[in-house]
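Structure record follows, encoded as structure tokens.
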Amino acid sequence: MVRIADILHGGHTGRELELKGWIYRTRSVGGKVFVVLRDDTGILQATISKDAVPADAFAAIAKALIESAVTVRGTVVEDKRAPGGFEIRATGVLVVHFAEKFPIQEDLSEEFLLDVRHLWVRSQRMTRIFRVRHATFAAVHEYFRDQGFWEVHPPMITPAGSEGGATLFEVEYFGRKAYLTQSWQLYAEALALAMSKVYYIGPSFRAEKSRTTRHLTEYWHAEMEQAWAGMDDVIKHAESVIAHACHRVAEACPGDVAALGRPPEVLKAVRAPFERLTYDEALRILKAKGMDLEWGKDLRTLEERALTEGKAQPIIVTHYPRVSQAFYKARDPTRPDLVLGFDVIGGDGVGEIVGGSERETDLETIRKSLVDQGEDPKAYGWYLDSRRYGSVPHAGFGMGMERLIQWICKLEHIRDAVPFPRTPARFAP
RNA sequence: GCCGUCGUAGCUCAGUCUGGUAGAGCCCCUGACUGUUAAUCAGGUGGUCUCCGGUUCGAAUCCGGACGACGGCGCCA
């Protein structure tokens with residue numbers, strides 16, 4: 001089948017061919033109808049003259065509304081008057097389906113677009129993002145496989161959470177309570193002791209009522225776990241996988257990211273290592289900017305924005321205070337009040353893209369952390385077995401795919417990084 | 001969990017302060033136009049003013065409540 005993108009690249013100029021697509025715009029001037037068609041690769045104008053096609057076909061195309069499905073047979077010509085510089089001059093045209101009045105027009109509100117999301121996904125903006133998403137997923141898989149990681153899959157239905165008392169979606173499981181996974185974390189550690197280097201990309205669910213431009217209740221999580229590795233080892237993977245994804249997207253869809261507001265040159269220039277600072281250094285920088293954050297408090301949106309302001313690529317913050325960090329994060333042997341944990345923080349309001357850490361290997365230390373956080377170690381019985389049978393240093397991270405895509409595409413809101421976003425207020429369409 | 005804004009035609013909104021027969025643009029329909037770029041021009045269709053209750057001779061408008069949505073913060077990826 002002929003692709004519009006190939007026509008726009010001059011690949012079919014002068015040829016007679018048949019194009020299938022949907023009406024994106026239609027204009028009529030008496031004896032001529034200009035129909036802009038879209039397919040999955042772009043938009044192209046078809047020019048239909050009254051005297052070049054059968055009378056009934058002309059009458060049909062003249063009254064076909066936006067989003068009608070049509071096939072056009074004709075010759076591809078280069079013409080400056082056509083949007084995009086190319087058009088197809090029809091010798092035949094068939095309206096496969098006459099669309100009803102399409103609800104989406106020029107003036108749009110966020111609310112309405114979310115109501116008709118199933119139709120809005122046809123827009124140029126959304127299809128551009130989908131192509132970038134496609135390339136991003138491919139790049140992340142490619143990176144980990146090239147680096148010798150095994151793709152292994154955790155369950156989506158789980159008996160408990162991984163982040164202490166965090167917010168889980170409950171599901172009824174044959175009369176018992178189960179939960180949708182919010183991270184493969186605990187399973188990853190078990191799998192890393194089986195397969196050494198493991199990764200996976202899949203959905204995570206968080207029942208947090210977060211009303212922000214960077215939260216979804218259902219999002220795609222790229223996670224990795226590596227045995228015989230420390231924090232620095234996995235930081236390198238985090239930087240490299242992000243850089244690799246940026247490069248691949250820049251190669252695969254430069255026009256799409258450019259149209260979305262992210263010049264492909266910026267993506268090509270993303271390079272590891274990223275700027276790295278410790279939590280203590282971050283606090284000093286913030287203080288110099290007049291933002292006094294109490295030691296021990298997590299960086300908030302405000303602080304993350306200040307730290308990434310003007311940066312062309314994400315930055316990394318390491319060595320967070322141990323207070324209120326997840327129980328499985330390893331203590332810094334030289335500073336027991338810190339953990340060997342890190343975040344990759346993107347600019348443009350995206351914030352934390354990656355969160356990771358070296359894992360605590362000592363059974364008793366983990367037990368104590370669980371108790372300190374008010375958890376019952378018994379509930380983590382199977383997980384704690386990883387510290388009973390051949391416990392080794394290991395580390396890993398989780399990356400929010402939509403956050404990465406949000407950063408790459410410079411999206412104002414994370415919900416556009418996924419076709420049908422799930423947020424606290426909305427789970428339809 | 002906290003704070004704020006909004007709800008009128010299919011869509012985007014005005015009208016609400018100061019109560020008196022529901023408005024505009026776009027879409028759509030009809031007609032004109034053989035190079036339009038959000039085409040243009042002329043005419044036309046289209047309403048449970050979110051819902052419930054109250055005040056009033058009279059409520060889109062004033063009062064009370066409910067519901068829904070959007071935006072921001074916190075938490076996280």
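Convention: sequence-line order gives letters A, B, ...; per-chain numbering from 1.
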Under 3.5 Å on both distances, the Watson-Crick or G-U partner of [N]:
N	value
B/U56	none
B/U50	B/A66
B/C75	none
B/U61	none
B/C26	B/G10

query: Are A/I366 and A/Y380 close enough that some pair of their side-chain heavy atoms sits under 4.5 Å apart?
result: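 They are not in side-chain contact.
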message: Quick check: on RNA chain B, is the nucleotide nearest A/P103 upstream (toward 5') of the one nearest A/E87, or the reverse? Name the residue that is more 5'.
response: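 Taking each residue's closest nucleotide, the earlier one in sequence belongs to A/P103.
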Look at all strands and tell whether [X] reaches a base, only sugar-phosphate, or nothing, counting heavy atoms closer than 4.0 Å.
X	value
A/D51	base
A/V33	nothing
A/A222	nothing

- request: Can you spot which of A/K410, A/R133, A/R131, A/R125 makes a salt bridge (Lys or Arg N to Asp or Glu O under 4.0 Å) with A/D256?
  value: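 For A/D256, the salt bridge (Lys or Arg N to Asp or Glu O under 4.0 Å) test succeeds with only one of A/K410, A/R133, A/R131, A/R125, which is A/R131.
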Rounded to the nearest angstrom, tell me the gap between atom [atom1] in [X] and atom [atom2] in [N].
X	N	atom1	atom2	value
A/I104	B/U12	CD1	P	11 Å
A/R27	B/U36	CZ	C1'	6 Å
A/L44	B/U36	CG	P	18 Å
A/I88	B/U36	CD1	P	20 Å
A/E223	B/A77	CD	P	9 Å
A/I353	B/A77	CD1	P	13 Å
A/Q406	B/A77	CD	P	15 Å
A/Q45	B/U34	CD	C1'	13 Å

Polar side-chain atom of A/T127 near backbone of A/S123 as donor-acceptor pair, under 3.5 Å: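 Checking the backbone N and O of A/S123 against the side chain of A/T127, a donor-acceptor pair under 3.5 Å is found.
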Please give the distance between the [atom1] atoms of [N] and [M] as a whole number of Å.
N	M	atom1	result
B/C17	B/C62	P	5 Å
B/C6	B/G10	P	23 Å
B/A66	B/G4	P	16 Å
B/C27	B/C70	C1'	24 Å
B/G64	B/U21	P	26 Å
B/U36	B/G25	P	25 Å

Footprint string (nucleotides 28-33 of chain B, 5' to 3'): B base within contact, S backbone only, - free, heavy atoms under 4.0 Å: SS---B
message: Return a single string for nucleotides 67-73 of chain B, one symbol per nucleotide in 5' to 3' order, where B is base contact, S is sugar-phosphate-only contact and - is none, cutoff 4.0 angstrom on heavy atoms.
response: --SBBBB
- request: State whether A/R322 and A/D372 are salt-bridged, where the test is any N-O pair (Lys NZ or Arg NE/NH1/NH2 against Asp/Glu carboxylate O) under 4.0 Å.
  value: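 Here A/R322 does not pair with A/D372 in a salt bridge, since their nearest N and O are not under 4.0 Å apart.
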query: Without hydrogens or angle criteria, can the side chains of A/D39 and A/W22 be said to hold a donor-acceptor pair below 3.5 Å?
result: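 Checked: A/D39/A/W22 side chains show no N/O donor-acceptor pair below 3.5 Å.
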query: Have A/T301 and A/R214 got a donor and an acceptor in their side chains that come within less than 3.5 Å?
result: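 The criterion, which ignores hydrogens and geometry beyond distance, is satisfied for A/R214 and A/T301.
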- prompt: Taking the inter-plane angle between the rings of A/F205 and A/F169 on a 0 to 90° scale, is it parallel (under 30°), tilted (30 to 60°) or perpendicular (over 60°)?
  reply: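 Aromatic pair A/F205/A/F169 classed perpendicular.
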message: Using 30° and 60° as the class boundaries, would you call the ring planes of A/H237 and A/Y143 parallel, tilted or perpendicular?
response: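 Perpendicular.
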message: Before you tell me yes or no, could you show the steps for A/Y187 and A/W382 under ring-ring contact (aromatic ring centres under 6.0 Å, His included), namely the whole-Å CA-CA distance, both residues' side-chain angles and the distance that decides it to 0.1 Å?
response: CA-CA 10 Å; A/Y187 296 95; A/W382 68 265; 4.8 Å; yes
- prompt: Does a nitrogen or oxygen in the side chain of A/S109 sit under 4.0 Å from OP1 or OP2 of B/U12?
  reply: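 Yes.
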message: Quick check: A/Y199 with A/H141 (ring centres under 6.0 Å apart)?
response: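 Between A/Y199 and A/H141, which both carry aromatic rings, the centre distance is below 6.0 Å.
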field: Closest non-hydrogen atom pair, A/R403 against A/V350
entry: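 For A/R403 versus A/V350, the nearest heavy atoms are O-CG1, 3.4 Å.
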- request: Select one nucleotide: of B/U36, B/A77, B/C75, the one nearest the side-chain heavy atoms of A/D298.
  value: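 The nucleotide sitting nearest to the side chain is B/C75.
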message: Using the six-membered base ring of B/G35, report whether A/F34 stacks on it, requiring centroids under 5.5 Å and planes under 30° apart.
response: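 Here A/F34 fails the 5.5 Å or the 30° condition.
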